[in-house]
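Beneath this line is the structure, given in structure tokens, with notes to follow.
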Amino acid sequence: MTEPTTEFPPPKILTLSSTHKPILITQGAEGRLYKTPSPFQPNQFCALKYRPPKPYRHPILDARLTKARISSEAKVLDRCYREGVPVPAVLAKDAAAGWMMIEWIEGEPVRVGINTWLGERPEDDAALDTTQEDETPLIDLMKRMGVAVGALHRTGVVHGDLTTSNMMLRPWADDRLPNGHGDKTEKAKAVAGDVVVIDFGLAMQSQSDEDRAVDLYVLERAFASTHPRAERLFHHILDSYRESFKKAPGVLHKLEDVRMRGRKRSMLG
Amino acid sequence: MLDLTKKKRRIALGCEGSANKLGIGVILHEGDSLSSSTSTVLSNIRHTFVSPPGTGFLPKDTARHHRSFFVRIALQALSAANISISDIDCICYTKGPGMGAPLTSVAIAARTLSLLWNKPLVGVNHCVGHIEMGRAITGASHPVVLYVSGGNTQVIAYAEQRYRIFGEALDIAVGNCLDRFARTLEISNDPAPGYNIEQLAKQGGRVLLDLPYAVKGMDCSFSGILTRADELAAHMKNGGKGPDGEPFTPADLCFSLQETIFAMLVEITERAMAHVGSSQVLIVGGVGCNERLQEMMGAMAAERGGSVYATDERFCIDNGIMIAHAGLLAYETGFQTPIEESTCTQRFRTDEVLVKWRK
């Protein structure tokens with residue numbers, strides 16, 4: 001991600017309170033994410049997602065797109081939240097102004113957790129290690145990821161950009177570890193927590209096996225390139241997806257086709 | 001492997017004919033090492049097959065055009081370059097992608113020159129030709145490349161000896177959308193349909209007509225937009241009114257089409273720039289001449305603290321010099337295309353080429 005070279009003015013909504021300065025968390029191509037004190041609950045934070053106007057775009061087109069995108073993202077989040085899928089709750093929105101306020105999710109991205117778990121181990125040892133180390137905590141995390149994606153798809157939503165950066169690990173309140181493992185090491189803690197799916201900027205409502213399979217394919221590719229040393233464990237995500245989602249067999253069948261297709265399409269002209 | 005770096009002056013003749021332009025150019029690379037060599041355009045001659053308004057260029061007619069003009073253009077390119085045949089190191093030709101029949105006719109001509117003059121052949125990927133020429137002309141070192149033409153729409157970035165495709169059109173190319181809409185409005189194809197749409201669009205803009213906006217991640221789609229634009233054109237011809245209750249004009253349609261599809265292109269380019277962390281953007285391909293597209297891209301790049309690199313019609317629109325340049329770069333690394341393998345192909349992805357001349 002490119003570091004912003006100029007100081008961006010925050011959206012108007014964040015300039016109303018003079019007590020706390022909003023913190024710019026990320027600056028993507030699409031929008032910015034701020035961390036700001038919650039106006040609804042004292043001593044709590046919330047996240048504000050802001051899509052600034054694009055200077056290159058015709059103002060009418062820009063307004064139309066910004067409004068539609070904030071509305072659609074908020075709608076998808078609402079739908080997931082209502083159905084019990086672990087996503088941040090939408091607290092407020094002004095689609096025309098280009099922002100929505102959502103629940104702040106504590107914890108680290110799954111990507112960080114997995115990398116902490118994998119640690120400094122050299123890549124060559126990955127195959128040898130399988131028998132020597134108890135990988136249950138990592139496998140349990142992968143299973144929770146599969147369950148989360150299954151829940152998402154069950155509600156009729158496809159995410160569009162599933163990566164281990166777009167899943168958060170929200171720490172368990174009681175510091176418990178999965179399946180009663182006594183292993184309370186730092187390593188095991190790194191992969192503990194509830195999986196919460198975030199960033200629905202490219203999400204859409206769809207029930208088709210094709211769209212769901214592409215969703216899984218994106219995750220598979222992102223996982224392999226981000227965590228090559230854990231790639232051999234990826235199937236645990238698909239296994240738990242299959243167990244938790246009734247329509248999974250059709251999707252996984254389609255995934256085989258999508259893998260064959262990949263980005264190998266040959267172009268015309 | 002032949003060590004061409006010992007030869008201080010290296011000259012290539014490039015032949016391009018993947019679509020309706022027949023282009024032949026001569027390039028000179030000078031310098032001791034590949035990294036410090038300079039490129040000079042010795043000649044760059046082009047002849048375009050222009051079809052009547054309302055029609056496109058068909059493969060068989062285009063191939064016939066290339067066959068009948070090849071000798072004339074080749075002679076012009078040689079005399080403009082002021083070189084003799086013995087100065088030429090290799091003959092470069094477009095291997096693909098492109099239209100089958102025109103590609104074949106130029107490949108045959110290139111093979112003939114190779115045999116006639118006893119020079120090695122170098123098959124070149126058309127897209128890589130555009131990218132390398134754009135880099136050479138603008139001096140952009142490590143840009144995200146938007147390649148937009150009648151046949152291709154790709155967002156590309158270089159990594160580990162390949163030009164990797166981050167996003168692309170899922171159906172028709174952006175230039176094809178413009179070309180076909182020009183046919184709908186029966187706008188002249190001379191000098192190019194896209195150019196005439198651009199000029200007409202400057203007179204429009206009273207209203208922005210509502211067209212679909214089809215971006216999916218870093219990919220985009222244009223066929224639905226074309227369908228809707230065609231419908232609006234029919235609506236206009238029947239005396240229909242725009243969103244403000246007033247009649248609208250072909251200029252308004254061209255304006256709305258440009259604003260919508262260029263916004264899509266800028267958006268996917270910005271996403272790729274954020275992804276790879278680059279602030280340079282290079283626009284190549286025929287649609288890259290469009291000044292409105294360059295202006296919009298510039299506004300986006302400026303906001304990211306970067307800049308836009310673009311070339312004019314001599315290098316944006318298909319030409320022989322880009323084939324000569326990219327071919328010579330490959331030839332300097334030892335690459336040649338044996339005559340038995342000097343085929344051409346309609347499908348040849350940008351990322352299939354091993355870019356040995358870059359680190």
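Every chain is numbered from 1, with letters handed out A, B, ... down the list of sequences. Heavy-atom basis, side chains included; hydrogens, waters and symmetry copies ignored.
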(request) Can you measure from CG (A:Asp62) to CG (B:Leu208) and round to the nearest 0.5 angstrom? (result) 11.0 Å

(request) Please name the pair of heavy atoms, one in A:Pro55 and one in B:Ala299, separated by the smallest distance, quoted to 0.1 Å. (result) CG-O, 4.2 Å

(request) Could you tell me whether A:Lys54 and B:Glu267 make a salt bridge, using a distance below 4.0 angstrom between a side-chain N and a carboxylate O? (result) no

(request) Below 4.5 Å from any heavy atom of chain A, which atoms of B:Arg164 appear? Answer side chain, backbone, both or neither. (result) neither

(message) Could you check whether any side-chain heavy atom of A:Tyr56 comes within less than 4.5 Å of a side-chain heavy atom of B:Glu303, counting everything from C-beta outward?
(response) no

(request) May I ask you to check whether over 12 heavy atoms, not counting those of B:Lys202, lie within 6.0 Å of atom NZ? (result) yes

(request) For A:Lys35, look at atom NZ and say whether over 12 heavy atoms of other residues, nucleotides or ligands are found less than 6.0 Å away. (result) yes

(message) Measuring from atom CG of A:Leu65 to atom OG1 of B:Thr260, what distance do you get when rounded to the nearest 0.5 angstrom?
(response) 8.5 Å

(message) Between B:Leu211 and chain A, with a heavy-atom cut-off of 4.5 Å, which part of the residue counts as in contact: side chain, backbone, both or neither?
(response) backbone

(message) What's the separation between atom CZ in A:Arg69 and atom OH in B:Tyr213, rounded to the nearest 0.5 Å?
(response) 5.0 Å

(request) Enumerate by number any residue of residues 197-209 of chain A whose heavy atoms lie under 4.5 Å from heavy atoms of chain B; in the absence of such residues, state 'none'. (result) A:Leu202, A:Met204

(request) Look up atom CZ in A:Arg64 and atom CG in B:Asp210, then write down how far apart they are to the nearest 0.5 Å. (result) 4.0 Å

(request) Verify the neighbour count for atom NE2 of A:His253: are there more than 12 heavy atoms of other residues, nucleotides or ligands below 6.0 Å? (result) no

(request) For each of B:His126, B:Glu259, B:Glu295, tally heavy-atom pairs with chain A at distances under 4.5 Å, and name the one with the top tally. (result) B:Glu259

(message) Can you list everything that forms a side-chain contact (heavy atoms from CB on, under 4.5 Å) with A:Ala97? Sequence neighbours excluded, please.
(response) A:Asp94, A:Trp99

